[in-house]
Amino acid sequence: MIPDPSRMRDGLARMIAEAVDRIWGPEVLEDDQQAEVASSSNPEFGDLSCQVAMQLARKVRTGPVEVARRIVEELGPVPGVSSFTVDGPGFINITLSGSFLASYCHSLAVSGLGPHLPDLGAGRTALVEFVSSNPTGPLTVGHCRQAVLGDAISRLLGAMGWKVSREYYYNDGGRQMELLGRSLEVRYRGGEESDIPEGGYRGNYLSGWAEDLRSEYGDGLEWESDRDTFVSYAEKRAMDMIRSDLELLGIGYDRFFTESELIPEAVDRTIHMLKRTGTFGESLVYSDPGSSNKLWLRFTELGRPQDRVIRREDGSYTYRMPDIAYHVDKFRRGYDLLVDVFGSDHLDTSRDVVAALEAIFGADEVRRRLRVVIHQFVTLLCGGERIKMSTRSGEYVTLSRLVEDVGSADVTRYLFLTRRAEAHMDFDLDLARRESSENPVYYVQYAHARISGILRTAEDAGVNVPEEYDPRMEDILSGVHERELMRLLESIPVETAAAAESLEPHRLTEILASLATGFHRFYQHVRVVDGDRPFESSSRLMLCRACMRCIADLLGILGVNAPRRM
RNA sequence: GCGCCCGUAGCUCAGCUGGAUAGAGCAGCGGACUUCUAAUCCGCAGGCCACAGGUUCGAAUCCUGUCGGGCGUACCA
């Protein structure tokens, strides 16, 4: 059996729980979680630790240190563990054996991180919706964060065994598109700035489209008769622009889903469902007292702050309604997991959508299958100035401009992923550019490139990593620096799984930084390739290769390249 | 006003389903290249974890309140 950190931890937790059962009886532990075995914070406390003794002390009326001692005594020797100690207020600290760590690292070196990541998805399907910006102009810095976040979450789930699809949903039939078409038409006929309607779009990109439109269709188009041409042309150009912006970051979708694919059947059906689900015999949907055509949804009945109009006087829907119908559609399509990635400006709407879904499918079902990630806004600092972004005014920093200014998709992606979604983010453009040689990304990539260099040197010297693990390697890797690096590698699969479970890709940047530091430190102290000592070289090379595979695999999950030379 | 998010080193941020001395990058200061890449490493300095209470054997982490900042509070999306 391949040595594996996750299995080792689970196994130890189970053994500890069983030991507790044998000593104090099965009713003492509330659940298996209580005996959880986690990474130790500090090497002097071993590799792993368990704090169950401190939690049990009161219940079994024994001091925590004594509780820990009895558990350790009951455990006896465990394969893969070199020692158990009781430290501090009652921690059970566990030191893994050199052979366990070395053979695990051999597996990493040969097969990479993949086989050691827990199969959380187990082939189940997930749909990740992100960006979903209406096609009215180029994507901005704000979308950039969401794009990178959604893509990284998708990759992360994919790495954990989920079958992931990415979807972009947009409204192609609403008032916004009408305004966009109208704004294009003004440019097309060479109208004045003041002709652009209230709420219309003023970006320069529209002039270019207008020119192209003229050369394609001539200059005889009229708003009254060719409305659809203007609108659909604008939509097409806008979506082309969005797609190519996303491509700059290496982001693609499995499907672009438009609102018109829903209307009218799906929306009507959804309204029907909501009508039937009212409590106290009262429908969730009710007509406006002043107009039979206008419909309200009784959100207050669902614990939301206020009722909302879902269908206007003229029969068109407000944005919440198709959004709910779209989510119903996604539920119906049978995905095991739905992930929505939204900016904080959509929080309120999202809550309403979730409330409506709970009314239709039941709260348990929704809680089990839908997870919403809300990220905070990005403030762009440029020349010490804060830039407020707005697509409509035409004043904004576009995603493509940003990627160009930062100078690299890798850097852009990585920098956006170093903060957790809920944290506000100041993105200092000057700093991103200026620091680009001493950037956290390059720090990590450099570790990868350095190891690649070692591998090249090793190849020239005829040193390689054997296909099969050789138990004698354990002795070579017993030095403090080797040991330290193996300890670090041991924690990676578990940490990665935790990042996936919480949908927090930023944790991978933390893992990568510590991995790179670990390697750089190791490199400083240990010579790997030594022509006179082939077995030593090969053993250490194995460790380097394990490290390199982990870095490459984790960077891959973030969508960042792992260069072999820098 | 109400709802959600945030407040940790000079700056940007990790750490938050409670645990053992609070971390990183940048900026500052001082060291280390005859070496598989110095885009590196080592050291120093820098903190009432916004504030006040509470729960606990134990709180940056959980609860309450206060003060700051962001977003939302549309028959726009």
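Order of the sequence lines fixes the chain letters, A, B, ..., with proteins taken first and strands second; residue numbering starts at 1 for each chain.
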Item to complete: Report the residues that fulfil side chain to side chain donor-acceptor pair (under 3.5 Å) with A/Tyr170, sequence neighbours left out, ordered by chain and then residue number.
Response: A/Glu235
Dump every N/O contact between nucleotides 42-45 of chain B and the protein below 3.5 Å, one line per pair.
unit_1	atom_1	unit_2	atom_2	d
B/rC42	OP1	A/Arg521	NE	2.5
B/rC42	OP1	A/Arg521	NH2	3.1

Discussion item. Counting only side-chain heavy atoms from C-beta out, which of B/rG72, B/rC75, B/rC36 sits nearest to A/Val309?
Written reply: B/rC75
Discussion item. Enumerate the salt bridge (Lys or Arg N to Asp or Glu O under 4.0 Å) contacts for residues 499-510 of chain A, please, sequence neighbours excluded, ordered by first and then second residue.
Written reply: A/Glu504-A/Arg507
Practice prompt. Just need the stems in RNA chain B: three or more back-to-back Watson-Crick or G-U pairs, each with both distances under 3.5 angstrom, sorted by first number.
Written response: B:1-7 with B:67-73, B:10-13 with B:23-26, B:28-32 with B:40-44, B:50-54 with B:62-66
Worksheet, complete the sentence: So, with a heavy-atom separation below 4.0 Å from RNA chain B, the residues of residues 318-325 of chain A are A/Thr318, A/Tyr319
Worksheet item: Does the side chain of A/Leu29 reach to within under 4.5 Å of the side chain of A/Val52, using non-hydrogen atoms?
Response: yes
Practice prompt. Take nucleotides 17-23 of chain B nucleotide by nucleotide from the 5' end and write B, S or -, depending on whether a protein heavy atom sits under 4.0 Å from the base, only from the sugar-phosphate, or from neither.
Written response: --BBB--
Practice prompt. Go through the steps to decide whether A/Asp288 and A/Arg311 satisfy the test salt bridge (Lys or Arg N to Asp or Glu O under 4.0 Å), and finish with yes or no.
Written response: CA-CA 10 Å; A/Asp288 189 87; A/Arg311 193 173 71 193; over 6 Å; no
Practice prompt. Would you indicate which nucleotide in B/rC36, B/rC41, B/rA77 comes nearest to any side-chain atom of A/His520?
Written response: B/rC41
Discussion item. Can you list everything that forms a side chain to side chain donor-acceptor pair (under 3.5 Å) with A/Tyr317? Sequence neighbours excluded, please.
Written reply: A/Asp268
Response to the item:
Applying ring-ring contact (aromatic ring centres under 6.0 Å, His included) to A/His346 and not counting sequence neighbours gives A/Phe342
Practice prompt. List for me each residue that meets ring-ring contact (aromatic ring centres under 6.0 Å, His included) alongside A/Phe522, sequence neighbours excluded, and say none if there are none.
Written response: none
Worksheet, complete the sentence: On a heavy-atom basis, the closest approach of A/Arg9 and A/Ser491 is NH2-CA, 3.7 Å
Worksheet, complete the sentence: Closest heavy-atom pair, A/Met177 versus A/Asn171, reported as atoms and distance to 0.1 Å, is CG-O, 3.5 Å
Discussion item. Side chains of A/Tyr286 and A/Asp307: any donor to acceptor distance under 3.5 Å?
Written reply: yes
Fill in: Sugar-phosphate, base or nothing in reach of A/Arg565, heavy atoms under 4.0 Å
base
Worksheet, complete the sentence: The complete set of salt bridge (Lys or Arg N to Asp or Glu O under 4.0 Å) pairs with one or both residues in residues 40-54 of chain A, sequence neighbours excluded, reads A/Asp47-A/Arg483, A/Asp47-A/Arg487
Worksheet item: So does A/Tyr317 get a side-chain nitrogen or oxygen closer than 4.0 Å to the phosphate oxygens (OP1/OP2) of B/rA77?
Response: no
Could you write out each protein N or O paired with an N or O of nucleotides 4-8 of chain B at a distance under 3.5 Å?
unit_1	atom_1	unit_2	atom_2	d
B/rC5	O2'	A/Gln376	NE2	3.4
B/rC5	O2'	A/Glu422	O	2.7
B/rC5	O2	A/His424	NE2	3.3

Worksheet entry | Nucleotide nearest A/Met425 when distance is taken to its side chain, options B/rC36, B/rA38, B/rC13 | B/rC13
Item to complete: Scan nucleotides 29-34 of chain B nucleotide by nucleotide, 5' to 3', and note B when protein non-hydrogen atoms come under 4.0 Å of the base, S if they reach only the sugar-phosphate, - if neither.
Response: ------
